[in-house]
Undergrad: 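One structure, as structure tokens, below. Some questions next.
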Amino acid sequence: MDKGKSNEDYNFKAVEEKWRKFWEKEGIYKFDSKSRKEIFSIDTPPPTVSGKMHIGHAFSYSQQDFIVRFKRMKGFNVFYPFGTDDNGVPTERLVEKVKKVRARDMTREKFIKLCMDFLKQELPKLIQDWKNIGISSDFKLYYSTISDYARKISQWSFLDLYKKGRLERRDAPSMWCPECQTGISQVEAKDKEEESTFNHIVFKVNGKDIIIATTRPELLPACVAVFYNTIDENYKKYKGKKARVPLFNFQVPIMEDERADPDKGTGIVMCCTFGDQTDMEWQRAYQLEIKEAITRDGRMTELAGKYKGMKINDARKAMLDDLKKAGLLVKQEKIKHFVNVHERCGTEIEFVKSKQWFVRYLDLKKEMLEWGSKLKWHPAYMKYRYDNWVNGLQWDWLISRQRYFGVPFPIWYCNKCHNVILADEKELPVDPLKDNPKGKCGKCGHNWFEPEKDVLDTWFTSSMTPRLAIELVSKKLQEKLFPMDLRPQSHDIITFWLFNTVIKSQLHYKKNPFRDVAVSGFVTLEGEKMSKSKGNIIEPQVVMDKFGADALRFWAAGSKLGEDINYEEKDVVAGKRFVIKILNAARFVFMNLKGKIEKPKKLHELDRLLLARINHIIKEATKSFESYEYARCKNDAVNFFWSIFTDNYLELVKRRVYSGTKEEKESAFYTLYHSLFTILKLMAPFTPFITEEIYHKHFKNHEKEESIHHCSWPDEFKIKEEKGDEEKFDLLLDVISKVRHEKSKNKKSVKAEIILTLEKEKINKLKDIIQDLKDVVNAKEIKEGDFKVEFV
RNA sequence: GGUCCUGUAGUCUAAUGGCAGAACAUUUCCUUUACACGGAAAGAGCGAAGGUUCGAUUCCUUCCAGGACCACCA
């Protein structure tokens with residue numbers, strides 16, 4: 001074979017494309033519903049349709065795919081479906097951005113159609129990204145969370161929870177995003193540090209001034225009381241008196257409460273309806289008046305008088321101006337503080353009174369903790385995130401969204417008695433805006449209904465993924481698939497997806513939805529989390545284009561489960577180097593290896609030592625993989641391949657391969673074939689393309705499986721192992737290394753012929769492989785004595 | 001403020017109660033019949049202080065530095 005030809009030899013794009021097509025056409029990853037093999041089921045995360053696949057996806061999906069491929073080779077009938085989470089606010093926002101429209105400016109129907117058309121066009125492209133990185137899902141087991149199929153299951157979930165008494169419609173203040181114009185749940189609220197101003201404003205008490213500091217002067221018209229801390233002596237004298245609110249000239253009571261912080265601002269605080277959570281607590285505790293100053297689209301109400309209709313920020317400015325003019329603004333401090341924003345759009349959250357549906361679950365905290373502790377967490381400490389979240393829960397789950405593109409509520413309200421009319425389970429899915437309930441109101445007999453216009457929170461549907469997945473197969477099989485074996489996901493959505501899925505499953509079925517949880521980390525760049533706003537994004541498509549999917553996956557296997565990884569191109573380059581190296585190693589092996597491979601009557605000692613070493617690797621790698629520590633398996637396999645198999649064994653075996661006796665060759669061929677095959681199998685979960693390529697090129701003639709990915713995970717070789725094997729092999733490698741060192745020091749080629757002097761004891765130990773040593777270091781002879789290398 | 005994770009060569013990582021192993025970068029060498037997108041070799045490292053121990057990078061405590069999640073946010 002020509003030298004240096006490898007450059008052009010491996011066209012990874014063509015090769016990867018070829019095997020992708022082959023896998024799809026032959027259904028290599030098809031779930032076999034008739035198989036008797038034990039099932040291993042995965043609750044695959046359905047990617048949110050909010051753009052293209054990003055590097056974090058490539059990272060975490062690769063990691064779950066390693067596990068899946070391992071299990072498949074271990075003989076499990078793998079159930080690995082694929083879904084897309086394509087309803088709700090994320091998709092709406094994407095469509096709004098791409099199509100440059102706003103949902104509220106068009107009819108509901110038109111917007112929904114726009115979303116649907118968009119998905120039809122974009123989804124195949126999106127899913128292709130997952131196929132491109134070699135995800136071994138059965139893509140025929142597919143669900144979309146906006147499909148009728150998913151609507152049906154999601155609506156069923158609603159009905160079931162309703163019947164179980166877990167659903168409530170409340171007319172109460174709740175978190176509201178003025179930008180998206182919808183209620184949101186606690187989990188969607190995020191911190192954001194913003195610059196603001198602490199404004200010291202004068203309130204009058206019987207003509208005297210008291211100064212109140214606030215960041216939100218625009219809420220003055222909604223002021224309902226003023227509080228100071230119970231222990232604060234400075235303000236005690238005002239107890240029971242009334243304070244006059246500036247600009248608006250009405251009076252509010254002055255009260256004491258321990259929730260007021262004497263060290264903050266001036267130690268006295270105004271309480272406005274729905275300014276923040278404490279305000280709401282005070283409202284409830286003291287039955288304060290409710291004054292709504294802000295509308296649902298973030299403007300001032302008529303309460304604000306001349307400021308009515310202004311946007312929050314404009315009203316703030318205008319009122320501060322007026323206060324200043326009136327001499328009622330005595331001080332302004334610039335501060336940085338954290339505000340709650342909507343995680344999808346970054347807009348500051350308001351509290352707005354509105355009718356919303358809730359899943360009532362705050363009473364179940366104890367049970368939630370118990371459910372969480374019954375899961376097997378990998379790594380174990382990820383459970384703390386779940387516990388921490390449960391302990392901090394303060395709101396029931398707000399599930400109604402005043403949006404369009406989602407699963408509709410399967411309910412109507414009686415126009416006369418306001419009774420809730422549930423859809424018939426058999427009729428699901430329903431769209432109450434188009435469909436009518438069967439029959440009359442069960443309570444008053446009226447037959448005039450008002451549909452619920454809201455849609456369900458997207459997590460309400462995605463928390464049903466185990467159901468969405470298993471209902472794709474026959475009823476009979478479903479029992480075997482639930483609870484599922486594994487939930488793989490990244491740690492940032494433990495509080496979203498994982499938590500909600502557990503809750504739903506427990507409420508519906510009184511069972512955890514899965515047994516194991518494998519949590520992956522995320523990708524950083526120069527130590528920082530990647531994000532579009534920071535602009536430090538690496539696109540996996542670009543990386544794959546440059547280095548191939550195998551290389552990208554190789555990189556993804558470099559971090560242990562749960563650990564974040566810093567993206568560095570050199571690690572992907574290492575992956576590509578591995579691909580080329582193993583391709584060349586295979587070429588060497590099969591260049592010489594002809595005819596049938598048979599087990600030799602007697603295994604050459606060196607070969608036996610190599611296989612013993614492989615046995616060790618197999619044992620360790622399997623153990624690692626069983627506990628989802630794929631990174632260890634990959635490390636062990638690669639290290640063995642590179643530093644033992646190619647750097648040493650291939651060199652050691654050359655003489656026998658080129659010019660050995662029949663027996664010597666027989667043993668060498670057998671060992672070469674099977675050790676390479678083992679490496680191939682160990683690496684197949686990580687680099688599925690190149691291993692498939694080599695399998696088909698060289699092994700397929702000898703083996704019966706149609707794909708490397710159907711081959712069984714390697715078992716240890718049945719050879720006689722002895723106690724000193726490891727030590728003996730290491731000694732051999734050590735001597736070789738020492739000789740190479742001498743050659744390098746003397747600026748000689750590794751092939752330079754030498755006379756080697758070696759301690760008697762070592763020569764004795766290496767007795768039966770001394771010829772191999774002689775061959776590999778090109779020693780004319782080996783003498784007894786202190787270690788020495790002489791050049792001839 | 002609460003909870004958790006992480007500090008290992010210039011960079012990025014791995015393992016481990018007793019020689020800390022790779023990769024990239026640096027330097028030197030080798031045109032060798034699988035591979036120059038290669039091979040051989042060199043230098044270089046356990047955040048700080050205590051404690052447990054015959055022995056600590058590893059276990060414990062404190063501190064320092066990063067990061068994440070949660071809460072607060074007048």
Side-chain angles (χ1 to χ4, degrees), chain A residues 1 3-7 9-10 186-187 189-191 193-194 196 198-199 201 212-217 219 226-227 259-261 264-272 275-279 335-340 379 381-394 491-492 494-495 521-522 524 526-529 558-560 562-571 573-574 576-592 631-632 635-636 638-639 642-643 646-647 650-651 654 658 736-737 739-752 778:
Chain A
M1 202 147 305
K3 246 193 98 180
K5 207 182 147 199
S6 70
N7 284 10
D9 253 356
Y10 189 54
Q186 186 178 339
V187 76
K190 291 282 157 242
D191 278 0
E193 192 171 30
E194 295 223 319
S196 182
F198 224 4
N199 304 289
I201 293 169
I212 291 181
T214 177
T215 55
R216 302 209 55 188
L219 290 177
V226 167
F227 284 96
R259 277 165 281 205
D261 182 351
K264 210 158 189 177
T266 58
I268 188 160
V269 56
M270 68 175 189
C271 166
C272 308
D276 63 26
Q277 210 153 320
T278 319
D279 288 346
I335 55 159
K336 270 191 168 181
H337 70 158
F338 285 92
V339 293
N340 255 337
Y381 63 77
M382 286 295 176
K383 177 181 173 292
Y384 297 128
R385 301 236 177 159
Y386 174 96
D387 292 350
N388 202 18
W389 169 253
V390 171
N391 287 325
L393 265 182
Q394 297 194 45
H491 59 63
D492 52 336
I494 288 175
T495 56
F522 54 69
T524 59
E526 281 153 26
E528 282 198 84
K529 192 172 174 174
S559 123
K560 50 183 178 181
E563 289 289 300
D564 294 347
I565 196 170
N566 201 41
Y567 177 81
E568 288 206 75
E569 193 172 274
K570 70 178 175 67
D571 297 328
V573 173
K576 197 181 167 195
R577 284 180 58 225
F578 169 79
V579 166
I580 290 163
K581 186 79 176 175
I582 196 168
L583 193 71
N584 281 311
R587 181 157 65 172
F588 167 73
V589 168
F590 286 93
M591 202 158 71
N592 302 294
R632 264 178 120 121
N635 267 344
D636 289 351
V638 170
N639 284 341
W642 215 296
S643 64
T646 65
D647 287 354
L650 292 190
E651 296 303 324
K654 271 177 185 169
Y658 293 146
I736 295 171
S737 166
V739 173
R740 284 172 176 170
H741 178 73
E742 286 301 315
K743 288 184 176 179
S744 176
K745 220 166 69 186
N746 288 288
K747 307 193 174 183
K748 298 281 188 187
S749 153
V750 278
K751 271 289 172 197
N778 197 17

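Naming convention: chains lettered A, B, ... in sequence-line order (proteins, then strands); numbering from 1 in each chain.
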Undergrad: Could you tell me how far apart A:Tyr381 (OH) and B:G67 (P) are, to the nearest whole angstrom?
TA: 17 Å
Undergrad: Just compare B:C35, B:G39, B:C4 and give me whichever is closest to any side-chain atom of A:Glu651.
TA: B:C35
Undergrad: Answer with base, sugar-phosphate or nothing: what part of the nucleic acid does A:Asn340 contact at a heavy-atom distance below 4.0 Å?
TA: base
Undergrad: Look at all strands and tell whether A:Asn592 reaches a base, only sugar-phosphate, or nothing, counting heavy atoms closer than 4.0 Å.
TA: nothing
Undergrad: Select base, sugar-phosphate, or nothing to describe what A:Ala260 touches, counting heavy atoms under 4.0 Å on all strands.
TA: base
Undergrad: Does A:Asn388 reach a base, just sugar-phosphate, or nothing at all? Heavy atoms under 4.0 Å.
TA: base
Undergrad: Is A:Asp564 side chain donor-acceptor paired with the B:C5 base, going by distance under 3.5 Å alone?
TA: no
Undergrad: Considering every strand and a 4.0 Å limit on heavy-atom distances, what is the contact class for A:Phe590: base, sugar-phosphate, or nothing?
TA: nothing
Undergrad: Base, sugar-phosphate, or nothing for A:Asp261, non-hydrogen atoms under 4.0 angstrom?
TA: base
Undergrad: Rounded to the nearest angstrom, tell me the gap between atom NZ in A:Lys560 and atom P in B:A22.
TA: 19 Å
Undergrad: Counting any heavy atom closer than 4.0 Å, what does A:Lys743 reach on the DNA or RNA strands: base, sugar-phosphate only, or nothing?
TA: nothing
Undergrad: With rounding to the closest Å, how many angstrom separate the P atoms on B:U13 and B:C72?
TA: 34 Å
Undergrad: Measuring only between side-chain heavy atoms, which start at C-beta, is A:Leu219 closer than 4.5 Å to A:Thr214?
TA: no
Undergrad: Indicate, with a heavy-atom threshold strictly under 4.0 Å, whether A:Lys383 touches base, sugar-phosphate, or nothing.
TA: nothing
Undergrad: What is the separation between atom CE on A:Met591 and atom P on B:A34, rounded to the nearest whole Å?
TA: 4 Å
Undergrad: Determine the contact category for A:Glu569: base if any of its heavy atoms lies under 4.0 Å from a base atom, sugar-phosphate if only primed atoms, P, OP1 or OP2 are that close, otherwise nothing.
TA: nothing
Undergrad: Looking for any heavy atom pair under 4.0 Å, which part of the strands does A:Ser737 touch: base, sugar-phosphate only, or nothing?
TA: sugar-phosphate
Undergrad: Calculate the interatomic distance between A:Gln394 atom CD and B:A71 atom P; express it in whole Å.
TA: 7 Å
Undergrad: Remember a base hit wins even if backbone is also touched, and classify A:Leu650 as base, sugar-phosphate or nothing at under 4.0 Å, heavy atoms.
TA: base
Undergrad: Between B:U53 and B:C59, how many Å separate the two C1' atoms, rounded to a whole number?
TA: 10 Å
Undergrad: How close or far is atom P of B:C70 from atom CH2 of A:Trp389, stated in whole angstroms?
TA: 7 Å
Undergrad: Classify A:Arg216 by what it touches in the nucleic acid, base, sugar-phosphate, or nothing, heavy-atom distance under 4.0 Å.
TA: nothing
Undergrad: Nearest whole Å is fine: how far is B:A71 P from A:Asp387 CG?
TA: 15 Å
Undergrad: Round to a whole Å and report the spacing from CH2 of A:Trp642 to C1' of B:G38.
TA: 9 Å
Undergrad: Could you check whether A:Ser559 gets within reach of a base, just the sugar-phosphate, or nothing at all, counting any heavy atom under 4.0 Å?
TA: nothing
Undergrad: Send over the distance from A:His491 NE2 to B:U3 P, rounded to a whole Å.
TA: 19 Å
Undergrad: Look at all strands and tell whether A:Lys745 reaches a base, only sugar-phosphate, or nothing, counting heavy atoms closer than 4.0 Å.
TA: nothing
